[in-house]
Structure formats: C-alpha cells, structure tokens
Amino acid sequence: MAKPRVIYWFRTDLRLHDSPALQAALDLEPEVLWPIFTWDPHYLYKARGGVNRWQFLLDCQNDLSQSITKLNKNSKLFVLREGPQTLFPKLFKAWKPTHLVFEKDTDAYGRSRDEVVAKAAKAAGIQVIIQPGRTLWDSDDIVQHHGGEPTMSITQLQAAGKKIGPVAKPIPAPESLPDPGDMPVDFERHVPEGKPDFNADYRSEEDTGYKHIAGPNGDFAIETLDELGFSPATTPHRGGETRALEILEDLLKDKKYTATFQKPKTSPAQFNPQSTTLLSPFFHFGALSVRLFYWRVHEIVESYGKAASSPPESLIGQVLFRDMYFAAHAALGASFGQTATNPHCRFIPWHLPSKRDPETGLITGDHHIDDQQAEAWFRRWKAGVTGFPWIDALMRQLRHDGWIHHLGRHSVACFLTRGGCYVDWERGCEVFEEWLIDHEPACNIGNWQWLSCTAFFTQYFRCYSPVSFGQKWDKSGELVRRWVPELSRVKEKYIYEPWKMPLPDQKEAGVRVTGDGLSEHQEGTYPKPMFDFNERRNICMAAMKNAYSVGLYGNDDKVLDGSWRTLFPSPDEAEVMGEYESDYGENADNNEYGHEQDGLDGETASNKRGAEKNGTDSKSKKRKTEA
DNA sequence: AGAGGGGTTGCTGAC
DNA sequence: GGTCAGCAACCCCTC
C-alpha cells in the first residue's frame with residue numbers, strides 16, 4: 001500500500017507542542033504532509049472579531065510557520081484563501097491526499113463546518129482523523145459522563161472529569177516533519193459573499209485578500225492586515241507559540257505566585273504588568289496547550305505544600321472553569337449562545353432583545369430597540385462614555401487593548417445587565433466577541449450568563465458598584481487616569497465620582513463635567529453620569545426578583561411564542577422590556593412577542609420609566625406589608 | 001428526602 | 001484598618 005499523504009489542517013491549534021491531532025498525523029508515517037490553514041469567510045465577515053484579534057492570530061500563524069520551517073526547510077504553514085467547505089472538495093481532487101487530520105472543535109459553528117468537510121472527505125474516499133486537544137478533557141466525553149447534560153457548575157465538571165480519569169500528559173513537539181507534496185491550485189475559486197460584514201468598521205481599505213487563493217505572490221503566504229483592508233492593530237499584546245512558552249516558563253519561575261494564586265484576590269485595576277497571566281488568548285488560538293499548563297502548574301502546586309491555593313480560585317481552577325464552559329457549549333450547541341430555546345438559561349425581559357431568524361430560531365446579531373433610553377445607555381456603555389469613570393476606563397481599555405482583567409469584565413457586565421442598564425446580556429456578549437483578543441465563544445457566553453444571573457450564578461443581590469468596586473482596588477484611580485485622560489488631574493476624592501466635583505475643583509483639574517457622552521465631544525469635558533446608580537440598582541434588583549419568581553427558562557413555550565408577557569402584566573410590576581416590532585411582522589396577532597394593544601404605545605419611554613420606578617417602590621412596600 | 005451548608009470574585013456600616 | 005453581620009434570600013450539593 002502506498003504511504004499516506006496527509007493534509008494537516010491547522011485551525012485554533014496553532015502550536016507544535018502537545019498536539020494530539022498533529023501526533024496522530026505523524027503516527028501515520030506519512031510520505032508527505034501538508035500543514036495548511038484555510039481562510040474562513042465566517043470569521044472574516046459573519047463573526048465579530050476586530051483587528052486586534054486578527055493581529056494576535058497573525059502572530060500565532062507566523063510563529064508556527066517559522067517553527068515548521070525549522071523542522072523542515074521545505075515546509076511552512078501554507079495558507080489557502082478560501083472557505084474550507086468549498087475548498088476541500090477541490091483540494092481532495094487536486095492534491096490526492098489519503099488522510100485529512102485536524103483537532104476537534106466543539107463550538108456551534110466549528111461543528112457545522114467540520115461536518116461539511118468530513119462529509120466531503122468521505123465522499124472523496126479520504127480518511128478523516130479528528131483528535132480532541134483544545135481542553136483538559138474531551139468536552140463530548142465530559143458531557144457523556146454527565147448524563148448527556150451540560151456542566152452547569154464546577155462541581156459537575158470535576159465529577160465528570162474524575163470519572164474519565166486524569167488529564168492527559170502533554171506530548172512533546174515533533175523533531176522532524178515530512179516534506180509537503182505538490183500543491184496545484186488550478187481549480188475554480190469560490191469567492192464568498194462579503195456582506196453583511198460585521199467587521200466593516202475595521203476596514204479602511206478594500207478587502208483584497210480573496211483575489212488569489214495562494215496569496216498575491218502565489219506562495220501560500222500568511223495574510224497581512226493590509227490585504228484584509230484593516231487598519232493597524234492597537235493592542236500591545238502579541239501572540240505566538242514561542243512567546244506563550246516563554247511566558248509560561250517565566251510564570252513557573254515565580255513559584256509563590258503560581259502556587260498561591262487566588263483569582264478573586266488579583267486586582268482588576270493593575271496594569272503594566274497586569275495581575276493575572278494573560279495566557280487566555282494563547283489558549284484560544286491553541287498557541288499554548290491547556291494540558292501542558294495544567295501539568296506544569298500542578299508540579300509547582302504539589303511541591304509547594306499546604307500553603308498552595310486550590311480550585312476554584314487557583315490557577316488550575318481557572319482552566320477547570322474553561323472546561324466547564326466548553327462542555328456546556330458542547331452539550332447545548334447554538335442554543336447555548338442565546339436565551340431563546342436554551343433550557344438552562346433563565347428568561348429575563350431585558351431591554352434590547354435579540355432579533356431571531358424565524359427559520360432557525362437563532363439570534364441574528366441584530367436587536368430590537370424597545371426603549372430609546374436603554375439604547376442610548378447601551379451606546380454610551382460601548383463607547384466608554386457612561387459618566388462612571390471606572391466603567392469608562394475598563395471599556396476603553398477593552399477596546400484599545402482587547403483585554404481587561406476578569407473582575408473588570410464582571411464590573412462592566414453587571415453594570416450593563418442586572419446592575420444598571422437592564423440590557424440583554426446578548427448585547428454585551430456581542431461587544432466582547434468583537435473586542436476581546438481572547439474571545440472564546442463558550443467562555444464568553446458562559447461568563448455573560450454568569451454575570452447576568454441567567455445561568456451558572458444566581459445571587460443577583462450581589463451587585464458591583466461602579467464607584468466602590470474601583471475604590472476597593474485602586475484608591476487613587478490609576479486605571480482611570482490612564483484610560484480616561486480627561487480626568488487625569490482630578491483629585492482622588494472625586495476620581496470615581498467626578499459629578500460631585502465643585503466647579504472650582506473642575507477648573508483646577510482642567511475638566512468640565514457636562515454633556516451626555518453621545519453628542520459631539522467637547523475638548524476638556526467628561527460626561528455626566530447617565531443615571532443615578534443606586535436608583536437603578538434597586539430597580540434592577542426588584543425586577544430580577546420578579547423575573548426569578550416568574551421562573552421562565554429560554555425553552556419555555558411562553559418565551560418562544562411571546563405569551564410570557566401575560567406573566568409580567570404591566571410595566572409597573574418592575575422593569576420589563578417595552579414594545580417593539582415583532583420578528584415575524586406579517587401576522588401581528590400571532591407574532592413572537594404578540595400581545596394585545598395595552599395602551600402603552602402612545603406613551604413615551606420616559607413616561608414608562610417613571611411608571612417602572614413608582615411601581616417598583618409600591619410593589620416592594622406591598623410585599624413588605626404582606627410579609 | 002428535607003434541611004442546612006456553601007457558592008472563585010458585593011456593599012455598607014458598626015465595632 | 002480589619003472583621004463581621006446584615007442586607008434579603010438566589011440555587012446547588014450533600015448528608
């Protein structure tokens with residue numbers, strides 16, 4: 001029998017060390033091995049992912065390519081600029097491989113993509129080998145050992161993991177790689193529809209990348225930001241396997257830090273250097289193996305003795321949470337990413353609910369504007385001009401650097417959802433998807449559900465304050481001064497509450513606190529806070545209490561057909577989403593959120609808001625007298 | 001099997 | 001300045 005001719009398809013496993021999939025490819029003792037990467041129109045246009053994450057991806061690709069070349073001067077990472085679904089059938093014919101090998105992906109899009117590719121391979125008589133490798137344990141395995149259910153707590157994940165057995169020991173990087181085979185690409189191109197382009201804002205030039213399948217010089221070069229029409233990245237954080245391994249070694253040298261790490265005791269305000277490892281983007285792109293991390297940290301923890309920290313707060317605990325979210329996503333698929341249809345996600349009548357595709361039931365990435373006030377709050381939150389310096393500093397750091405500390409993410413997520421704006425967690429989730437360099441669908445979705453108290457976590461009465469939480473970690477406001485330079489000269493006393501600053505102090509600090517943050521920004525000004533936080537916190541908490549007592553989950557018929565409204569009789573019960581056009585506009589009597597005209601349509605948003613506040617107060621009083 | 005303890009990461013004010 | 005109860009009271013896990 002002829003020797004195997006193997007295509008190794010790199011995706012988010014951009015490393016040579018501890019790759020069970022790459023090892024499986026090499027175990028075939030192939031005659032030729034093509035290390036390839038394919039462009040994916042989904043990530044280029046349909047999934048949000050700003051220029052900063054692209055930069056990190058490029059770093060990982062370039063580093064990997066160089067490492068491959070070090071093992072075989074004839075080889076490198078060959079980038080093919082076409083979507084895998086249309087490319088592979090043609091590649092199978094043109095290159096005549098015997099095997100296609102890649103690492104398992106369990107996120108919703110990844111699964112559907114790989115199914116198409118595997119089917120095409122089968123039709124072409126090519127053997128497909130898929131190996132898990134993104135997580136500590138195979139996520140499908142975890143689900144299976146948890147009764148087919150998603151893991152919704154860290155105890156559940158740990159119990160399932162225990163049943164499977166110890167995390168696999170890391171595999172060393174290969175010492176050599178076979179030559180690549182011929183790579184004819186004289187077949188017809190499929191150029192994807194670039195519209196709608198969720199990343200259009202990042203393109204200052206035309207996206208020319210798809211003009212040539214093997215790049216402008218025909219050498220399968222790694223793309224550049226220029227070719228994608230992107231402006232330069234702003235993030236200082238750089239990727240690559242080499243860098244990842246260096247950061248890991250540096251971390252492990254500090255035995256005390258590694259062994260006694262307690263996440264809740266690391267500061268969200270610390271930067272340069274930050275208080276946590278910042279390894280998350282490397283895990284996302286697979287530039288660092290999470291199992292290598294696990295075992296190397298484990299070693300240090302074991303040798304450190306009793307003073308070491310333990311999960312869930314410890315470093316090991318952090319990667320356990322990652323596996324928990326992956327297994328929840330693996331079990332629920334696309335439903336995991338939204339409330340509607342998700343049996344494990346509480347239904348809360350947030351403002352700015354997602355539009356859904358009537359065919360699939362899936363959210364479209366667009367939202368209903370049920371309330372102009374909430375829309376304005378959402379826009380100010382995203383732009384980092386809420387008038388709350390702690391929130392604004394974090395949002396600006398996030399946009400610029402693509403990374404903020406975990407507790408910073410907690411602060412801004414709580415603020416947007418249950419602890420301030422009462423805006424749908426799916427809105428915030430989309431912004432993080434766009435901006436985070438470490439964006440991992442499962443973890444991002446899971447954490448937004450956690451913070452909004454719709455799944456994983458329920459203690460909605462624990463609410464982050466945009467003033468106190470910042471003060472607790474950063475009394476003098478260094479993070480604010482760094483990211484909100486308008487306030488850099490403000491006295492410590494007012495740094496988290498500039499609206500309390502008397503005029504003479506404003507003058508001295510060279511800033512005027514005025515405006516709504518959305519109108520044209522005036523030099524030397526900082527916006528007024530967009531609401532009274534304590535007032536909003538009380539309204540939101542009462543509304544959460546009410547929604548919890550109604551007790552609907554995302555898969556409930558009442559949620560899907562719109563009759564949930566009968567359970568939230570009127571806006572004066574508590575905060576509840578307002579009116580908006582249905583997704584299924586044709587039949588008003590039978591639409592998704594269909595309901596009788598209730599006489600509110602003529603009222604303004606502010607009138608409704610007034611009713612909410614008054615109603616909340618009277619309701620809570622009523623409850624007290626009943627008790 | 002119902003109760004009680006615990007849950008990575010809240011805030012406030014009293015001592 | 002550090003600890004702790006009270007806030008009002010969620011769900012999960014274990015015994």
Side-chain angles (χ1 to χ4, degrees), chain A residues 146-147 149-160 162 260-270 274-277 280 308-325 328 343-348 388 390-391 394 404-415 417-420 443 446-475 496-497 533-538 540-553 574 616 619-627:
Chain A
H146 188 53
E149 290 289 308
T151 45
M152 300 305 287
S153 73
I154 200 67
T155 356
Q156 291 173 355
L157 182 275
Q158 283 172 305
K162 210 173 173 184
T260 65
F261 183 94
Q262 288 176 282
K263 188 63 156 280
K265 291 188 181 160
T266 58
S267 170
Q270 199 179 309
Q274 72 289 337
S275 63
T276 50
T277 67
S280 49
S309 57
S310 49
E313 294 183 331
S314 65
L315 278 180
I316 299 279
Q318 306 315 302
V319 285
L320 289 173
F321 274 112
R322 183 173 176 274
D323 260 48
M324 174 187 81
Y325 289 134
H344 290 270
C345 184
R346 272 175 194 285
F347 172 77
I348 313 279
F388 293 97
W390 174 246
I391 300 294
L394 288 164
I404 52 174
H405 184 278
H406 190 64
L407 292 179
R409 301 181 195 197
H410 277 217
S411 272
V412 299
C414 179
F415 184 85
T417 58
R418 66 180 167 88
C443 301
N447 278 315
W448 274 95
Q449 292 180 359
W450 184 299
L451 262 299
S452 62
C453 289
T454 51
F456 298 102
F457 183 74
T458 59
Q459 289 164 275
Y460 57 77
F461 43 85
R462 289 193 185 168
C463 180
Y464 289 89
S465 157
V467 176
S468 312
F469 196 68
Q471 279 169 339
K472 174 179 163 183
W473 291 106
D474 181 11
K475 196 87 180 59
Y496 290 104
E497 301 171 285
F533 172 73
N534 286 326
E535 192 177 87
R536 286 300 305 171
R537 183 185 57 190
N538 292 338
C540 288
M541 229 179 262
M544 290 299 290
K545 179 179 165 154
N546 186 41
Y548 261 64
S549 72
V550 170
L552 292 176
Y553 282 81
T616 302
K619 167 132 186 170
S620 59
K621 272 176 205 151
K622 194 175 144 205
R623 276 184 191 274
K624 269 179 191 148
T625 44
E626 277 170 356

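Proteins get letters first, then strands, A, B, ... in listed order; numbering begins at 1 in each.
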Distance, C1' atom - from C:dC13 to B:dA1, rounded to whole angstrom: 13 Å
Nucleotide nearest A:Arg462 (side chain, heavy atoms from C-beta), chosen from C:dC11, C:dT14, B:dT9: B:dT9
Sugar-phosphate only, base, or nothing, as touched by A:Phe469 at under 4.0 Å among non-hydrogen atoms: sugar-phosphate
Any A:Phe457 side-chain heavy atom under 4.5 Å of A:Ser153 side chain: no
C:dC7 to B:dA3 separation - P atoms, rounded to the nearest Å: 23 Å
Nearest to side-chain heavy atoms of A:Arg537, which nucleotide of B:dT9, B:dC11, C:dC13: B:dC11
Donor-acceptor pair (no angle test) under 3.5 Å: A:Thr458 side chain, C:dC11 base: no
B:dT12 and C:dC10, which share atom name P, separated by this distance in whole Å: 22 Å
Short side-chain to backbone donor-acceptor contact, A:Arg409 and A:Ile404, under 3.5 Å: yes
Closest to side chain of A:Lys472, choosing from C:dC13, C:dC10, B:dC11: B:dC11
Side chain of A:Thr155 - closest among B:dT12, B:dT9, C:dC13: C:dC13
Ring centroids of A:Tyr548 and C:dC10 base under 5.5 Å with planes under 30°: no
A:Gln459 side chain, from C-beta outward: closest of B:dT8, C:dC10, B:dC11: C:dC10
